[in-house]
Number of protein chains: 2
Amino acid sequence: MIANVSQSTSTHPSWTSQAVQPPSLSAIDLEALRRELPVTRRKHAAGQYLYRSGQPFRAIHLVHVGSYKICDTSTDGREKVTAFKMRGELAGVESIGLDAYACDVIALEDSEAWDLPYPAVMKAAVRIPELQEQIHTALAAEIRCDRTWMLLLGTLAAEPRVAAFLIDIAARHARLGYSAKHFILRMSRLDMASFLALKHETVSRALSHLADLRFIEVQRREVRVLDVDGLRAMACCAQAA
Amino acid sequence: MIANVSQSTSTHPSWTSQAVQPPSLSAIDLEALRRELPVTRRKHAAGQYLYRSGQPFRAIHLVHVGSYKICDTSTDGREKVTAFKMRGELAGVESIGLDAYACDVIALEDSEAWDLPYPAVMKAAVRIPELQEQIHTALAAEIRCDRTWMLLLGTLAAEPRVAAFLIDIAARHARLGYSAKHFILRMSRLDMASFLALKHETVSRALSHLADLRFIEVQRREVRVLDVDGLRAMACCAQAA
DNA sequence: CGGCTGCTTGAATACCTTCAATTCATGTGG
DNA sequence: CCACATGAATTGAAGGTATTCAAGCAGCCG
């Protein structure tokens, strides 16, 4: 059995290098932000909405505790999880320039987000060019992150796709100072499958096979990484069918 | 045979509503931009690079004539076309905040782009809050466009995917005042396939079948749309396998 | 004209999905 | 406190869709 999920600082430096860069504002800026902006904090239980498609867009949101999933819906009702957001990452930036939010954001666990009123952000940005720069950078990073996943989903078969997902989650945990070798997946297999453009049975099978290969140990949502290089080799080399 | 590719203004208003919104700066801003910025114009023949991954990032680029493809490459060499850019659309925004461009951009035909030096853009943005707003909006629109395609590629089977692509291209043509019912695809089947996460044979078969259904006429890169609603029904309703 | 590249089409295969059954964890009510 | 209902995850077998491999055709440029 797998136990003792630690939050110890990762000692493996290479984790950070391979990650799909998650867009975020650094801790330094946050201090400035809190001074400059009327930040309000909101807590959400698992399953609760941070915002819903169609609600008036007024703020962007910085995840402070927990994690959220971003869900896009087409006009005819097809849905897909297009991103997961963890501490330090931004939600809502995709809706800038619109009157209403363009997607749903749902907490995966007990979570907290800081609302940054968009007009206030804009006003602050005029006064603080560095903030301006940071916003551009965050938005651009978001685009690069999406493009990286488009590339991944478009060129990798199911199993390497799942491997790449685990590597990404692990790297993001490491960035936050948590263990990259042992973590809890906060999303269901269904959410993972949606994000990876697979069926949940396929995700399940892929995880089982990665465990058979001794690359990971997995028990429901608890994952222990046994062979990072094995995972990497699978995520990088295997082609799509 | 299909002939007489016109550039007449589209008279079908519904074309514009369904499109995957392409990020762009409106014509109004362009006038301001030209006054404020040291814009330089560059021409490219088909196959030439607007910029390459690794080159120092200095400017964002507004497509003024022709069209380009955006190609992302993974560390291990897998490649994918992640976007196509037409007149009025921006390239290079994904590289904001980096020292070097993050992807390749290649002309699909004789094309011209305006280089907007990024530092100058930033300085102008400080003086002109509207420009600031426009930049945010353009970046956010880019994110939404990517998300929409992630959703499409993740939830639609091959044939509806191709149908959705044709609808998108048609809508973007309409927006530019060209015919939405008759146009030339500027990219190869290989590029389309890469963008749609399919093989070029599959794209070819899908196009042939759409022609069998009398939704379109197609001859190599020349496409004539016969039944928009048929295409729409296919793009919206059919689920992924 | 010849060689080349891009596109199309066919047949066989492989991979993921679909359908179905089982196990496991959780929480609710008797 | 246990029984039971519920939802999530796993696993097996059958099937379908896109891919792979292969061949042929058409346009284009030297």
Side-chain angles (χ1 to χ4, degrees), chain A residues 1-3 45-47 69 78 80-81 106 108-110 152-163 165-166 184-212 216-223 234 238-241, chain B residues 1-3 45-47 69 78 80-81 106 108-110 152-163 165-166 184-212 216-223 234 238-241:
Chain A
M1 178 195 164
I2 310 177
K69 63 174 173 182
R78 283 171 291 112
K80 184 177 184 289
V81 176
I106 301 169
L108 294 174
E109 58 188 312
D110 286 349
L152 263 157
L153 302 183
T155 58
L156 292 185
E159 228 169 81
R161 229 180 273 190
V162 172
F165 181 77
L166 293 177
I184 305 285
L185 296 171
R186 298 303 175 173
M187 70 294 293
S188 69
R189 295 286 188 272
L190 222 51
D191 287 334
M192 268 182 73
S194 173
F195 178 71
L196 294 172
L198 298 169
K199 299 298 164 184
H200 72 277
E201 295 99 324
T202 308
V203 171
S204 195
R205 272 184 254 273
L207 287 170
S208 297
H209 191 228
L210 292 178
D212 289 345
I216 60 171
E217 276 176 4
V218 58
Q219 241 163 43
R220 291 184 80 76
R221 301 198 182 178
E222 187 174 2
V223 174
M234 165 156 290
Q239 301 287 338
Chain B
M1 176 194 165
I2 309 177
K69 62 175 173 180
R78 282 171 291 114
K80 184 178 185 289
V81 176
I106 302 169
L108 294 173
E109 58 189 311
D110 286 350
L152 263 157
L153 301 184
T155 58
L156 292 185
E159 227 169 80
R161 228 181 274 189
V162 172
F165 181 77
L166 293 178
I184 305 287
L185 295 170
R186 298 303 175 173
M187 70 293 295
S188 68
R189 294 286 189 270
L190 223 51
D191 287 334
M192 269 181 72
S194 173
F195 177 72
L196 295 172
L198 298 169
K199 299 297 163 184
H200 72 276
E201 295 98 325
T202 308
V203 171
S204 194
R205 272 184 254 271
L207 287 170
S208 297
H209 190 228
L210 292 178
D212 290 345
I216 60 171
E217 276 177 4
V218 57
Q219 241 165 47
R220 292 183 79 76
R221 301 198 182 177
E222 188 173 3
V223 174
M234 165 156 291
Q239 301 289 336

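Throughout, a chain's letter reflects where its sequence line sits, starting with A, and its residues are numbered from 1.
Here the side chain of A/K199 is nearest to one of D/dA18, C/dT18, C/dC7, namely C/dT18. With D/dC21, D/dA8, C/dT18 as the candidates, the nucleotide lying closest to the side chain of B/E201 is D/dC21. Which of C/dC16, C/dT8, D/dA18 sits closest to the side chain of B/T202 comes down to D/dA18.
Rounded to an integer number of Å, the gap from CD of A/Q219 to P of D/dA9 is 14 Å. Taking atom CZ on A/R189 and atom C1' on C/dC16, their separation rounds to 18 Å, with Å as the unit. Atom NE2 in B/H209 sits roughly 12 Å away from atom P in C/dT9 (whole-Å rounding). Counting to the nearest Å, the C1' atom of D/dA8 and the CG atom of A/L108 are 15 Å from each other. Between the CD atom of A/E222 and the C1' atom of C/dC24 there is a distance of 15 Å, rounded to whole Å. Rounded to whole angstrom, the span from the CE atom of A/M192 across to the C1' atom of D/dA8 amounts to 14 Å. Whole-Å rounding puts the B/L207 CG to C/dC7 P distance at 10 Å. Distance A/R161 CZ to C/dC16 P: 8 Å, rounded to the nearest Å.
Listed here is the closest heavy atom pair of A/A46 and A/D110: N-OD1, 3.9 Å. Contact between A/L108 and A/M187 at its shortest, heavy atoms only, is CD1-CB, 4.0 Å.
Proximity of A/S208 to the phosphate of D/dT11: a side-chain N or O atom is located under 4.0 Å from OP1 or OP2. Put simply, A/S188 has no side-chain N or O that comes within less than 4.0 Å of OP1 or OP2 on D/dA8. A close approach under 4.0 Å does not occur between any side-chain nitrogen or oxygen of A/R220 and OP1 or OP2 of C/dA25.
Nearer the 5' end of DNA chain C, as judged by each residue's closest nucleotide, is the contact made by B/L190, out of B/L190 and A/E159.
Between B/D191 and the choices B/R221, B/K69, B/K80, the salt bridge (Lys or Arg N to Asp or Glu O under 4.0 Å) rule is met once, by B/K69.
A distance-only check finds no donor-acceptor pair linking the side chain of B/R78 to the backbone of A/T155 [under 3.5 Å]. A distance-only check finds no donor-acceptor pair linking the side chain of A/S204 to the backbone of A/H200 [under 3.5 Å].
The base of D/dT20 lies close enough to the side chain of B/R205 for a donor and an acceptor atom to sit less than 3.5 Å apart.
Across all strands, A/L198 comes closer than 4.0 Å only to sugar-phosphate atoms, never to a base (heavy-atom distances).
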